[in-house]
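Below is one structure; the comments refer to it alone.
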Amino acid sequence: MASTLKNTGLIIAGVAAGAAVTMQFSALAYKPVEPSMPLDQLQQLAKVVEVIRSDYVEPVEGGKLLTDAISGMVDALDPHSAYLDPAAFRELREGTEGKFVGLGIEIGESDDGYVEIVTPMEDSPAERAGILAGDLITRIDGLDVRGLGLEEAVKHMRGMPGTRVTLTIARQNTPQPLVLTVERQEIVQKSVRANIVEPGYGWLRIAQFQEPTLDDMAEKLAELARKEPHLKGLVLDLRNDPGGLLQGAIGVSAAFLPEGAEIVSTNGQLPESRQRFYGRPEHYMLRSGRDPLSIVPAAFKTLPLVVLVNTGSASASEIVAGALQDHKRAAIVGTPTFGKGSVQTIRPIGRDAAVKLTTARYFTPNGRSIQARGIVPDFAVDENAENDGLNALRLREADLQHHLSGDGAEEKTRPDDIEEQMALLDAARDRKPLAYGSAADFQLAQAVKHLKGEPMQLSKRSAPPALARHQAPK
């Protein structure tokens with residue numbers, strides 16, 4: 001099972017939200033500021049660099065010290081601002097483009113510190129090599145993965161296309177370790193999945209808002225309409241969607257709202273950061289050409305809709321949930337979202353590096369700030385029939401150090417939630433990872449019940465009124 005310790009499993013949600021935040025790429029000139037740099041402190045920084053270079057126990061390259069100083073300066077602003085060196089900038093671009101060179105696996109960290117396969121991607125090198133969901137990677141090219149951490153393990157598994165990596169796999173009910181050699185290839189991620197979960201009811205899942213997401217969503221909606229001409233309702237699944245491109249969130253919302261409806265507004269220092277965005281092609285299209293939403297059947301503008309969210313739903317997914325909730329277009333079902341209500345702008349610095357900088361807070365059409373609070377579901381439904389599983393162990397935005405303040409009350413992870421869930425960890429260890437969209441997906445089943453007008457099984461956990469509009473009766 002994936003790691004359930006608060007300081008690992010909890011932080012993963014925050015890291016994911018920081019790595020795939022609501023972003024805009026911008027090459028605009030910086031806002032002019034008065035020359036007020038403190039010369040004495042700059043001189044002090046230069047002296048510290050020289051002292052480290054001359055006196056530290058081992059030689060340290062001066063350029064590295066300055067790069068680390070820049071990183072520390074930007075990192076101290078808030079959890080989502082960062083200096084991106086060439087490698088980090090390249091990885092960010094790969095993430096938003098929806099493609100990278102690797103093995104094609106979704107991974108988590110096991111209780112023992114190994115890398116657990118959540119699922120191999122369809123038709124990926126990993127799937128073709130025989131890797132299965134639930135497998136544990138214990139060694140990468142002979143290197144013990146314990147202590148590496150997920151980020152470092154990913155670096156070892158990625159590389160140049162055509163090169164190979166040898167994985168040592170521990171598999172349940174297989175006494176001997178498996179040694180598999182996998183060839184790295186360019187992986188094209190599909191951020192959108194869809195299916196007919198039962199006659200008349202569709203399911204559309206968006207895992208992340210990438211450049212191809214809007215086109216992929218439009219094609220999936222058109223495909224659903226062809227498969228089931230008499231659709232009665234749709235579930236839009238945004239659980240564990242950490243965010244992505246702002247234009248994607250605007251376009252997805254626009255697919256279900258009246259033409260030209262307001263989706264989100266932003267407010268910051270720069271004039272470009274004080275804007276209102278509407279469901280119009282100029283606000284959601286990344287390039288000129290055909291409007292991707294032109295192929296979406298008009299019926300989806302009025303089709304009964306449920307949006308599934310959880311603590312891992314952050315940033316762009318919160319924009320969508322907030323817009324549909326404010327326009328009373330959908331019922332929001334699940335648990336309170338992450339609360340990442342800020343926009344990051346990518347400012348290139350030279351040819352290969354960039355600064356990912358928080359430049360604005362965003363607001364729902366009714367003017368609600370999501371920052372450090374999140375979207376509160378209309379109906380509180382846990383991950384499974386008994387409890388909220390490991391979802392309640394994740395950190396939220398308000399738990400992160402140096403987080404940007406929101407408007408009004410902030411919602412941190414509640415100690416009661418953690419204590420309750422820690423008591424259930426033994427049972428959770430034996431539970432298989434939830435496959436979204438499967439017959440075992442409890443929240444999806446409850447969402448379909450709502451679309452059919454049947455009563456849902458609501459959360460039995462006690463919660464303050466602000467955290468759920470509807471709860472199970474006492």
Side-chain angles (χ1 to χ4, degrees), residues 20-28 93 95-99 188-195 202-229 231 233-238 241 243-266 272 275-305 307 315-330 343 345-346 360 362-365:
V21 295
T22 302
M23 294 179 296
Q24 293 177 301
F25 287 82
S26 176
L28 295 176
R93 290 197 301 266
T96 59
E97 291 169 358
K99 56 187 178 182
V188 179
Q189 294 175 295
K190 289 293 185 182
S191 64
V192 183
R193 289 190 290 151
N195 202 0
W203 170 74
L204 179 82
R205 170 154 177 78
I206 300 177
Q208 188 174 331
F209 289 86
Q210 302 167 331
E211 287 185 20
T213 295
L214 195 53
D215 293 276
D216 291 346
M217 181 203 69
E219 291 174 3
K220 291 295 185 184
L221 288 177
E223 183 180 322
L224 283 177
R226 288 193 298 271
K227 283 183 177 179
E228 179 56 88
L231 272 175
L234 178 72
V235 178
L236 174 60
D237 190 348
L238 301 178
D241 181 331
L245 294 175
L246 177 61
Q247 291 90 339
I250 296 169
V252 168
S253 302
F256 303 104
L257 289 171
E259 187 174 350
E262 182 175 340
I263 309 298
V264 66
S265 62
T266 60
E272 66 173 285
Q275 297 190 57
R276 292 185 180 275
F277 296 92
Y278 300 89
R280 301 170 184 162
E282 61 266 29
H283 286 172
Y284 57 73
M285 289 180 62
L286 289 167
R287 60 188 63 85
S288 60
R290 187 197 68 179
D291 179 357
L293 298 187
S294 64
I295 66 170
V296 176
F300 286 102
K301 294 282 188 184
T302 56
L303 189 72
L305 184 66
V307 179
S315 201
S317 54
E318 293 176 291
I319 288 177
V320 175
L324 296 175
Q325 188 178 55
D326 278 8
H327 286 289
K328 302 187 186 306
R329 177 63 187 88
V343 176
T345 300
I346 308 302
Y362 64 73
F363 300 84
T364 69

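All values reported here derive from a predicted model rather than from experimental measurement. Along the sequence shown, residues carry numbers from 1.
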Checking Thr364, Val252, Val307, Ile319 against Leu324 for side-chain contact (heavy atoms from CB on, under 4.5 Å), the one that qualifies is Val307
Which atom of Pro365 lies closest to which atom of Gly322, heavy atoms considered: CD-O, 4.3 Å
Walk me through whether Tyr284 and Asp291 qualify under side chain to side chain contact (heavy atoms under 4.5 Å, CB included). CA-CA 9 Å; Tyr284 57 73; Asp291 179 357; 2.8 Å; yes
Can you tell me how far CG of Leu286 sits from CD of Gln247, rounded to the nearest 0.5 angstrom? 4.5 Å
Within this structure, what is the CG-CZ distance for the pair Leu236 and Phe256, rounded to the nearest 0.5 Å? 5.5 Å
Between Glu318 (side chain) and Ser315 (backbone), is there a donor-acceptor pair under 3.5 Å? yes
Heavy-atom pair with the smallest gap, counting every atom of Gly243 and Gln208: O-CG, 3.3 Å
Side chain to side chain contact (heavy atoms under 4.5 Å, CB included) assessment of Thr266 paired with Arg276: CA-CA 7 Å; Thr266 60; Arg276 292 185 180 275; over 6 Å; no
Nearest atoms (heavy-atom pairs only) where Ala249 meets Ala316: CB-O, 3.6 Å
Which is it for Val320 and Ile250 under the side chain to side chain contact (heavy atoms under 4.5 Å, CB included) test, yes or no, and what are the steps along the way? CA-CA 7 Å; Val320 175; Ile250 296 169; over 6 Å; no
Rounded at 0.5 Å granularity, tell me how far CH2 in Trp203 sits from CG in Leu234. 11.0 Å
Under a 4.5 Å cut-off applied to non-hydrogen side-chain atoms, are Gln275 and Ser265 in contact? no
Checking the side chain of Glu219 only, and the main-chain atoms of Asp216 only, is there a donor and an acceptor separated by less than 3.5 Å? no
Sub-3.5 Å donor-acceptor pair from the side chain of Arg205 to the main-chain atoms of Leu238, do we have one? no
Is the shortest side-chain heavy-atom distance between Leu204 and Val235 below 4.5 Å? no
Smallest heavy-atom separation, Gly251 atom then Leu214 atom, equals C-CD1, 3.5 Å
Residues Lys220 and Ala194: closest non-hydrogen pair is CB-CB, 3.9 Å
Donor-acceptor pair, Thr213 side chain versus Gly248 backbone, under 3.5 Å? no
Determine whether a donor-acceptor pair (N or O, by modelled atom type, separation under 3.5 Å) exists between the side chain of His283 and the backbone of Phe277. no
Would you call Glu262-Arg280 a salt bridge at under 4.0 Å N-O? no
Spacing of Glu228 atom CD and Asn195 atom CG [to the nearest 0.5 Å]: 11.5 Å
Which atoms form the tightest heavy-atom contact between Leu257 and Ala261, and what is the distance? CB-CB, 4.1 Å
CD1-CZ distance between Ile206 and Arg193, expressed to the nearest 0.5 angstrom: 12.0 Å
Gap between atom CD1 of Ile263 and atom OH of Tyr278 - 0.5 Å precision: 10.0 Å
May I ask you to check whether over 12 heavy atoms, not counting those of Glu282, lie within 6.0 Å of atom CD? yes
Is there a side-chain contact between Pro258 and Lys301 in this structure, where contact means two heavy atoms from C-beta onward sitting under 4.5 Å apart? no
